[in-house]
Amino acid sequence: MAALVHQFLEASALRFPDRVALLHGEITATFGEIDTLANRIASLLSRIGLNRGERVLMIMENSLENVASYYGVLKAGGVCVEVPDKSTLSEASYYIENSGARVCILSKGSAQRLKDIAVPFVLAPAMTFTHKGITTFTWDDVLQCSGDADDPVQDENDLAAIVYTSGSTGRPKGVMLSHKNLCTNTASIVSYLGLDDSDRIMAVLPFYYVYGKTLLNTHFMVGGSIVINNRFAFPNSVVKDMVDKEVTGFAGVPSTFAILLNRSVFAKTEIQSLRYVTQAGGAMAPALTQRVLQHIGNASLYIMYGATEASARLTYLPPERVVSDKLGSIGIAIPGVEITIRDNEGNPLKPFEVGNICAAGSNIMKGYWQDREESEKVLKPWGLVTGDIGHMDDEGFIYLTGRKKEMLKIGGERVSPKEIEEAIFESGMVHEIAVIGRPDEFLSEVPAAFIVPLDEKTFDLEALKAFTGRRLSVHKHPRDWHILRSLPKKPSGKIDKEVLKQ
Amino acid sequence: MSDIQAKIMEFIKENFIMGRSETTLDVEESLIESGIMDSTGVLELVEFLESTFSIQIDDEELIPENLESIKNIVEFLKTKGIS
């Protein structure tokens, strides 16, 4: 098994140099072509003096360039910091400052939105950035690179990725994942899904999201292929692509399936090549699971559970048990992972007793980037404390019953209400603010804001919305705004969000 | 600009552009590629069109040719008798 993540690509490029590995609209690329492009990117990064363990920020939608950049950064000994392609300038500036990245790789779309970005080196399609002192490289410059730079010294315990995830403290925290974390988790997923070089997955999930990234690495490990489709806004185009490109697999979060079944031709379309479907990224209502089962023909449905802190995957529910007797469970531990249910002191609990879901295995993160305090809160001698609450039955099947931390799950993405509250508070227009989740048919949850204006007479809600719009990505914008005279409080003086939820 | 187009632009500005003053609305530009709307944004737009213009939009009609840009939406509404 590969010890370094980019060896998935290199090994497949050796075995199947001319096999198509990536399909995106009219674009196709073989393993050999992607490996060559990744080598050129690694050369460029070496030329500008990228050091082992140095972070490279990537703000791109899924694409050939994105895939080649990911493996290119790793080949150069760097650490990939991939963040949402729709990040605002304020969010991108935070990622640059927090990760200490000197190099940023942008797509055309993100470059146009982030032309005021301040970072020493940028690789992006040709355009002008406003900051003086930025050295820019284009994809033409990459193609001029020889691609034969010496391999840097690397170790499986080196960091491969920092993945930002919302924390209870507001601003996103960087989850540090090593090559070993990612390689072992990838191999485990390949084994329980039974993937081989005939598999082809449809990727509508972004690669900056760990679930999306597992689709890429698992299929590149086995010599399979990946179909990129960034147009889930038009789900029918995805369904057509699945038929035309004969995909064997599909992966989604609950909202993906809600949209596919409620507003597309998916239910009326037979996708003969489809062998399996996976679902993760939050609990899917059993009723929706039943509907998915009804419409995927003979394909198997894998319900899965994980965490960014676990490189992605922790449990899966074997397809036959979804149908027979375990609907509603998130399944059993994947190979190489041990799951335990423990009380707050870390003592293991008996079957059916509700407690903290904890996980141990070589896929568990090294910690949060430059945040020892937060790392120590979740990394215990018995493993990762996931923050999820649940129980295990007498056969080892796990059931989620809640979350300890007050997190929103918006379309599969974890968002801290505190991050939204802090952004709104910074406007200087509100006296008090509370953000809670409101149930939503498609996204599972959307943010709703309850505010007490600082000055009722001069308060301008539209101006506050505009301020928030500039600070936060679209999915974090509150959908409802409620203006109150005061917020309900607990005896301790804390805001009582349970009352607001009613 | 037609009233129809103005209504659509107003909806998009109010719901998706909020405060992003650098974002301009070009009637021929893809609302998805430009990052103005995402997958749920399209569904919100569809609900808005259905309720505002009292029309029914079928799942089969949720395709880029009908909804990708403001221009496409205006043309699509014409096929539904709205102009």
Side-chain angles (χ1 to χ4, degrees), chain A residues 61 84-89 107-110 112-116 204 206 230-240 252 255-256 258-269 410-411 427 440-444 446 462-475 477-479, chain B residues 8-51 53 55-77 79-80:
Chain A
E61 50 270 28
D85 56 285
K86 300 292 188 295
S87 295
T88 63
L89 182 63
S107 63
K108 189 176 167 201
S110 64
Q112 281 168 347
R113 272 182 302 106
L114 301 172
K115 60 183 187 303
D116 296 330
V204 296
N230 299 331
R231 301 179 63 76
F232 193 67
F234 298 109
N236 290 335
S237 77
V238 174
V239 176
K240 184 173 184 304
S255 66
T256 317
I259 291 171
L260 271 184
L261 288 172
N262 295 333
R263 298 262 32 180
S264 88
V265 295
F266 182 76
K268 302 172 199 161
T269 308
I410 305 171
S427 68
D440 182 82
E441 183 187 4
F442 293 112
L443 291 175
S444 304
V446 290
E462 292 311 309
L464 179 60
K465 284 183 183 176
F467 177 85
T468 313
R470 284 192 295 274
R471 299 301 302 265
L472 300 169
S473 301
V474 180
H475 70 288
H477 295 177
R479 298 296 171 100
Chain B
I8 298 166
M9 288 178 86
E10 191 186 332
F11 172 79
I12 292 170
K13 277 185 185 158
E14 274 184 10
N15 289 277
F16 303 113
I17 298 193
M18 292 191 291
R20 288 183 288 164
S21 52
E22 76 283 6
T23 311
T24 49
L25 262 186
D26 177 340
V27 294
E28 295 197 22
E29 191 182 20
S30 163
L31 296 164
I32 313 301
E33 306 283 324
S34 59
I36 292 172
M37 285 195 316
D38 58 11
S39 53
T40 47
V42 172
L43 297 181
E44 285 175 43
L45 171 73
V46 168
E47 278 175 25
F48 162 78
L49 296 175
E50 287 182 329
S51 61
F53 302 109
I55 52 170
Q56 170 76 37
I57 299 176
D58 296 332
D59 292 344
E60 283 81 357
E61 293 173 318
L62 301 186
I63 51 174
E65 292 74 16
N66 293 341
L67 301 162
E68 177 94 54
S69 65
I70 293 168
K71 190 180 170 194
N72 289 20
I73 299 165
V74 171
E75 290 299 317
F76 171 54
L77 289 178
T79 69
K80 296 258 174 195

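Within every chain, numbering begins at 1; the chains are lettered A, B, ... in the order of the sequence lines, protein sequences first and strands thereafter.
Summarising the geometry of B:Ile63 relative to A:Phe234, their closest heavy-atom pair is C-CD2, 3.8 Å, with the distance given to 0.1 Å. In plain terms, the two heavy atoms of B:Ile32 and A:Ala233 that are nearest each other are CD1-CB, 3.6 Å.
A:Arg471 does not touch chain B: none of its heavy atoms, backbone or side chain, sits under 4.5 Å away. Proximity to chain A is limited to the side chain of B:Glu44, based on heavy atoms less than 4.5 angstrom apart.
Among the candidates A:Asn230, A:Thr256, A:Asn236, A:Asn262, the residue making the largest number of heavy-atom pairs closer than 4.5 Å to chain B is A:Asn236.
The line from OG of A:Ser237 to CG of B:Leu62 is 10.5 Å long, rounded to the nearest 0.5 Å. Here B:Asp59 contributes atom CG and A:Ile259 contributes atom CD1; the two are 12.0 Å apart, rounded to the nearest 0.5 Å.
Considering only heavy atoms from C-beta on, A:Glu462 stays 4.5 Å or farther from B:Glu14 through its side chain.
Residue A:Lys108 qualifies as open at atom NZ: its count of foreign heavy atoms under 6.0 Å is 12 or below. Environment of NZ in A:Lys240: sparse, with no more than 12 heavy atoms of neighbouring residues, nucleotides or ligands closer than 6.0 Å.
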Open item on the list: A:Arg263 vs B:Val46, test: side-chain contact (heavy atoms from CB on, under 4.5 Å). Steps then yes/no.
Closed with: CA-CA 10 Å; A:Arg263 298 262 32 180; B:Val46 168; 3.7 Å; yes
- [ ] Decide salt bridge (charged side-chain N to carboxylate O under 4.0 Å, His left out) for B:Glu60 and A:Lys268; before the verdict, give the C-alpha distance in whole Å, the side-chain angles of both, and the deciding distance to 0.1 Å.
- [x] CA-CA 10 Å; B:Glu60 283 81 357; A:Lys268 302 172 199 161; 2.7 Å; yes
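Residues of residues 66-73 of chain B placed with any heavy atom under 4.5 Å of a heavy atom in chain A are listed by number as B:Leu67, B:Glu68.
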